Asker: 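Handing you a structure now.
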Amino acid sequence: MRARGTSGSIDRSYYETSGYFGGGGGHLQDPESRFHRYRVREVLNLCGNPSGLRAVDLGCGWGTISLALSGRADFIVGVDFARASLKVCASRHDPDEHPNLAFVQADARLTGLRGGAWDLVVAADLVEHLYPQDTEAVYREVWRLLRPNGRFVVWTPSPTHLVERLRRLGILTPDPTHVDYKTLGRLRTDLARFGFRIVDARHVPSHHPGLRTVERIGQRWIPSLRRRIAVAAEKPQRTLRPATSRDETL
């Protein structure tokens with residue numbers, strides 16, 4: 001969310017011009033891939049029962065989570081700041097089949113959606129793409145969007161896992177858009193500092209069957225076996241924290 005210049009930082013133009021949403025391998029392009037089935041299953045588990053709820057999918061990317069929620073939630077809005085993302089989402093979205101689903105182009109730091117009107121906000125594979133100051137702005141926006149007792153779900157790769165370490169070392173192909181990995185401890189601390197109440201926070205093993213078994217057994221003691229981070233937090237019923245962003249209507 002910064003200008004991409006000599007520092008190599010990533011901004012919106014990178015996602016628009018780099019082919020990001022057209023690359024990444026078949027497991028990202030195919031919503032029925034083992035990876036996406038695993039991702040959808042785990043994220044929906046964090047959401048609890050979304051039946052009858054109004055939900056926002058921040059950084060909706062390929063629209064996979066939005067489409068999965070549309071079969072359960074009362075109304076779901078997928079938000080991404082990249083037009084390239086919205087084109088992919090539109091190609092997958094049949095309005096007749098999913099009339100309760102909309103996709104909007106907006107910045108996750110200031111969505112323009114109505115404040116205090118949403119039961120659920122999901123950030124699946126978003127926070128690792130955010131620089132620290134942008135992360136804080138997104139947390140403030142999530143707080144503004146949620147109703148009291150509303151739930152915020154975060155799903156992100158663990159920086160301690162062997163795969164992520166090998167990427168940072170350049171042994172495996174790195175993802176330049178992963179600009180600021182968050183640890184489980186950091187997520188818990190930061191969300192609590194912003195006023196959220198943590199209801200679930202844990203590491204989740206990989207989608208590969210063999211590796212998943214090893215990780216499930218060893219991740220408690222061995223950081224390099226902690227593949228994914230799953231957090232669910234709630235906005236308490238009573239709070240004096242003020243809204244900090246402008247409200248619009250959707």
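Here the structure is a predicted model, which is why all the values come from computation and not from measurement.
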Asker: My understanding is that only residues two or more places apart in sequence, or in another chain, count here; which of them pass side chain to side chain contact (heavy atoms under 4.5 Å, CB included) with Q105?
Answerer: R12, E16, R83, L86
Asker: Going by side-chain hydrogen bond (donor to acceptor under 3.5 Å, both in side chains), name the residues that satisfy it together with E234, two or more places apart in sequence or in a different chain.
Answerer: R151, R197
Asker: Give me each pair satisfying salt bridge (Lys or Arg N to Asp or Glu O under 4.0 Å) with a member in residues 206-226, each pair once, sequence neighbours excluded.
Answerer: E42-R212
Asker: Give every residue pair that meets the salt bridge (Lys or Arg N to Asp or Glu O under 4.0 Å) criterion with at least one member in residues 116-127, sequence neighbours excluded.
Answerer: R39-D125, D119-R147, D125-R228
Asker: Mind jotting down which residue pairs meet the salt bridge (Lys or Arg N to Asp or Glu O under 4.0 Å) criterion with at least one end in residues 65-81? Sequence neighbours excluded, please.
Answerer: none
Asker: Who pairs with F103 by ring-ring contact (aromatic ring centres under 6.0 Å, His included), at least two apart in sequence or on another chain?
Answerer: H93
Asker: Return the set of residues passing side chain to side chain contact (heavy atoms under 4.5 Å, CB included) with T189 (not counting sequence neighbours), or none when no residue passes.
Answerer: none
Asker: What residues, two or more places apart in sequence or in another chain, satisfy side chain to side chain contact (heavy atoms under 4.5 Å, CB included) together with L67?
Answerer: R92, H98, L101
Asker: Going by the rule side-chain hydrogen bond (donor to acceptor under 3.5 Å, both in side chains), which residues pair with D200 if we only count those two or more places apart in sequence or in a different chain?
Answerer: R202
Asker: Could you list all the salt bridge (Lys or Arg N to Asp or Glu O under 4.0 Å) pairs where at least one residue sits in residues 153-179, not counting sequence neighbours?
Answerer: E164-R167, E164-R227
Asker: Other than V163, what residues sit in its cluster of Ile, Leu, Val, Met, Phe, Trp and Tyr side chains whose heavy atoms are under 4.5 Å apart, directly or through others?
Answerer: L162, L166, L169, I171, L172
Asker: Kindly write out the residues that satisfy ring-ring contact (aromatic ring centres under 6.0 Å, His included) with F152, not counting sequence neighbours, or none if the list is empty.
Answerer: F196
